[in-house]
Amino acid sequence: MLTFDNVRFQYDCEDFSIIDHLSFTVQDGEFVSVIGPSGCGKSTIFRLVNKLLPPAEGNILVNGQNINGLKNYCGYMPQQDMLFPWRTVKENVMLPMEIQGSISKAEMEERAEQALESVGLKDWGKKSPRELSGGMRQRAALIRTLAVKPDIFLLDEAFSALDYQTRLAVTDDVRRILKLEQKTTLMVTHDISESISMSDRIIVLSKRPAHISRIMEIRFADPELTPLQRREQHQFQEYFNTIWKELDVHV
């Protein structure tokens with residue numbers, strides 16, 4: 001689904017690369033996390049995927065096509081939910097569909113209502129975002145991003161603004177929905193535990209200029225375990241220690 005092919009990036013004002021000939025793939029329906037030392041270029045990868053930055057070398061492909069010729073292939077969920085306070089929750093969910101402009105108002109409303117019900121917000125569509133808790137706002141932001149059915153879904157430290165208990169509950173919901181939708185997901189996080197609890201694979205980056213230090217397959221005996229249930233497995237600590245040691249080399 002997503003391919004980084006020998007990608008290099010550096011800012012014009014700097015004489016060193018942020019990302020150094022980076023190559024990896026994300027398969028259709030796979031959940032992959034990117035983790036690495038602070039400042040190693042994790043967020044730069046996202047900016048390259050959504051075309052906010054152009055690579056100095058190499059190619060970025062979605063379904064085998066260079067992203068330069070693609071539109072509406074990418075959905076992005078940042079740290080803050082970015083819900084507009086002057087629109088209702090349902091109107092916020094409908095916004096990307098309105099911008100895309102390819103479906104009728106009736107279909108937009110139907111999609112929004114179904115999406116709200118899927119995350120337990122059926123009765124909150126007419127409310128203002130300020131009436132929602134932090135976790136509810138993130139659920140609304142998730143389904144708003146998914147409403148236009150992007151090929152690739154990007155999670156950029158999307159849960160870092162939540163308190164710990166809410167964060168655990170929301171990650172359960174988010175992974176369940178993304179797997180149900182069979183959505184290809186790339187997540188950037190500094191949280192090792194979060195990456196293990198949610199991912200099929202984890203890409204560990206080196207310090208700048210970023211290259212792949214290690215790619216870890218995350219496999220539990222029961223593939224249907226929720227993120228919270230994964231945290232309770234003995235393998236979880238083993239994965240954590242391995243990644244911690246890998247990152248410690250690059251501090």
Taking atom [atom1] of [X] and atom [atom2] of [Y], what is their separation to the nearest 0.5 Å?
{"X": "Ser197", "Y": "Ile192", "atom1": "OG", "atom2": "CD1", "value": "12.0 Å"}
{"X": "Leu186", "Y": "Leu154", "atom1": "CG", "atom2": "CG", "value": "6.0 Å"}
{"X": "Glu194", "Y": "Ile35", "atom1": "CD", "atom2": "CD1", "value": "9.0 Å"}
{"X": "Ile143", "Y": "Asn92", "atom1": "CD1", "atom2": "CG", "value": "10.0 Å"}
{"X": "Met187", "Y": "Glu157", "atom1": "CE", "atom2": "CD", "value": "8.5 Å"}
{"X": "Asp172", "Y": "Ile177", "atom1": "CG", "atom2": "CD1", "value": "11.0 Å"}

Atom [atom1] of residue position [X] - does it have more than 12 heavy atoms of other residues, nucleotides or ligands inside 6.0 Å?
{"X": "Gln165", "atom1": "CD", "answer": "no"}
{"X": "Lys179", "atom1": "NZ", "answer": "yes"}
{"X": "Glu217", "atom1": "CD", "answer": "yes"}

Please tell me if the side chains of [X] and [Y] come closer than 4.5 Å, counting only heavy atoms from C-beta onward.
{"X": "Gln138", "Y": "Met77", "result": "yes"}
{"X": "Lys122", "Y": "Glu113", "result": "no"}
{"X": "Arg231", "Y": "Ser193", "result": "yes"}
{"X": "Ile19", "Y": "Thr44", "result": "yes"}
{"X": "Ser133", "Y": "Thr166", "result": "no"}
{"X": "Phe153", "Y": "Leu178", "result": "yes"}
{"X": "Ile45", "Y": "Val188", "result": "no"}
{"X": "Arg214", "Y": "Thr242", "result": "yes"}

Donor-acceptor contact below 3.5 Å, side chain [X] vs main chain [Y]:
{"X": "Asn63", "Y": "Gln65", "answer": "no"}
{"X": "Glu110", "Y": "Glu107", "answer": "no"}
{"X": "Thr185", "Y": "Phe31", "answer": "no"}
{"X": "Arg230", "Y": "Ile196", "answer": "yes"}
{"X": "Lys42", "Y": "Gly36", "answer": "yes"}
{"X": "Gln235", "Y": "Arg219", "answer": "yes"}
{"X": "Thr3", "Y": "Asp5", "answer": "no"}
{"X": "Gln229", "Y": "Thr226", "answer": "yes"}
{"X": "Arg137", "Y": "Glu131", "answer": "no"}

Shared ILVMFWY cluster between [X] and [Y], side chains joined below 4.5 angstrom?
{"X": "Leu83", "Y": "Leu116", "value": "no"}
{"X": "Leu61", "Y": "Phe46", "value": "no"}
{"X": "Leu70", "Y": "Met1", "value": "yes"}
{"X": "Trp124", "Y": "Leu95", "value": "no"}
{"X": "Trp244", "Y": "Met216", "value": "yes"}

Determine the minimum heavy-atom distance between [X] and [Y], stating which atoms define it.
{"X": "Cys74", "Y": "Asn50", "value": "SG-CB, 4.1 Å"}
{"X": "Ala140", "Y": "Leu132", "value": "CB-CD2, 4.5 Å"}
{"X": "Thr25", "Y": "Glu30", "value": "O-OE1, 4.5 Å"}
{"X": "Val170", "Y": "Gly135", "value": "CG2-CA, 3.6 Å"}
{"X": "Leu48", "Y": "Pro55", "value": "CD2-N, 3.7 Å"}

field: Working for side-chain contact (heavy atoms from CB on, under 4.5 Å), residues Ile218 and Asp200
entry: CA-CA 5 Å; Ile218 305 299; Asp200 299 313; over 6 Å; no

message: Evaluate Glu98 against Arg87 for salt bridge (Lys or Arg N to Asp or Glu O under 4.0 Å), listing each step before the verdict.
response: CA-CA 13 Å; Glu98 293 173 9; Arg87 296 176 69 106; 2.9 Å; yes

task: Please state whether the rings of Phe4 and Phe24 are parallel, tilted or perpendicular, taking 30° and 60° as the class boundaries.
output: parallel

- prompt: Hey, which of Met82, Arg139, Met97, Met94 is the one that makes side chain to side chain contact (heavy atoms under 4.5 Å, CB included) with Arg144?
  reply: Met82

query: Does the pair Ser199 and Ser33 meet the rule for a side-chain hydrogen bond (donor to acceptor under 3.5 Å, both in side chains), with working shown?
result: CA-CA 6 Å; Ser199 305; Ser33 289; 2.5 Å; yes

- request: Apply the test side-chain contact (heavy atoms from CB on, under 4.5 Å) to residues Ile212 and Ile203: give CA-CA distance (whole Å), side-chain angles for both, the deciding distance (0.1 Å), then the verdict.
  value: CA-CA 7 Å; Ile212 292 176; Ile203 298 172; 3.9 Å; yes

Qualifying side chain to side chain donor-acceptor pair (under 3.5 Å) pairs, either residue in residues 146-156, two or more places apart: Tyr76-Asp156

message: For residues 51-60, which residue pairs pass the side chain to side chain donor-acceptor pair (under 3.5 Å) check, not counting sequence neighbours?
response: Arg8-Glu57, His21-Glu57, Asn59-Asn66

message: Run the side-chain contact (heavy atoms from CB on, under 4.5 Å) test on Val204 and Leu247 for me, step by step, so that the C-alpha distance in whole Å, both residues' side-chain angles and the decisive distance to 0.1 Å come before the verdict.
response: CA-CA 7 Å; Val204 183; Leu247 289 173; 3.7 Å; yes

task: For the pair Leu155 and Thr189, evaluate side-chain contact (heavy atoms from CB on, under 4.5 Å) and give the outcome as yes or no after the intermediate values.
output: CA-CA 8 Å; Leu155 287 169; Thr189 180; over 6 Å; no

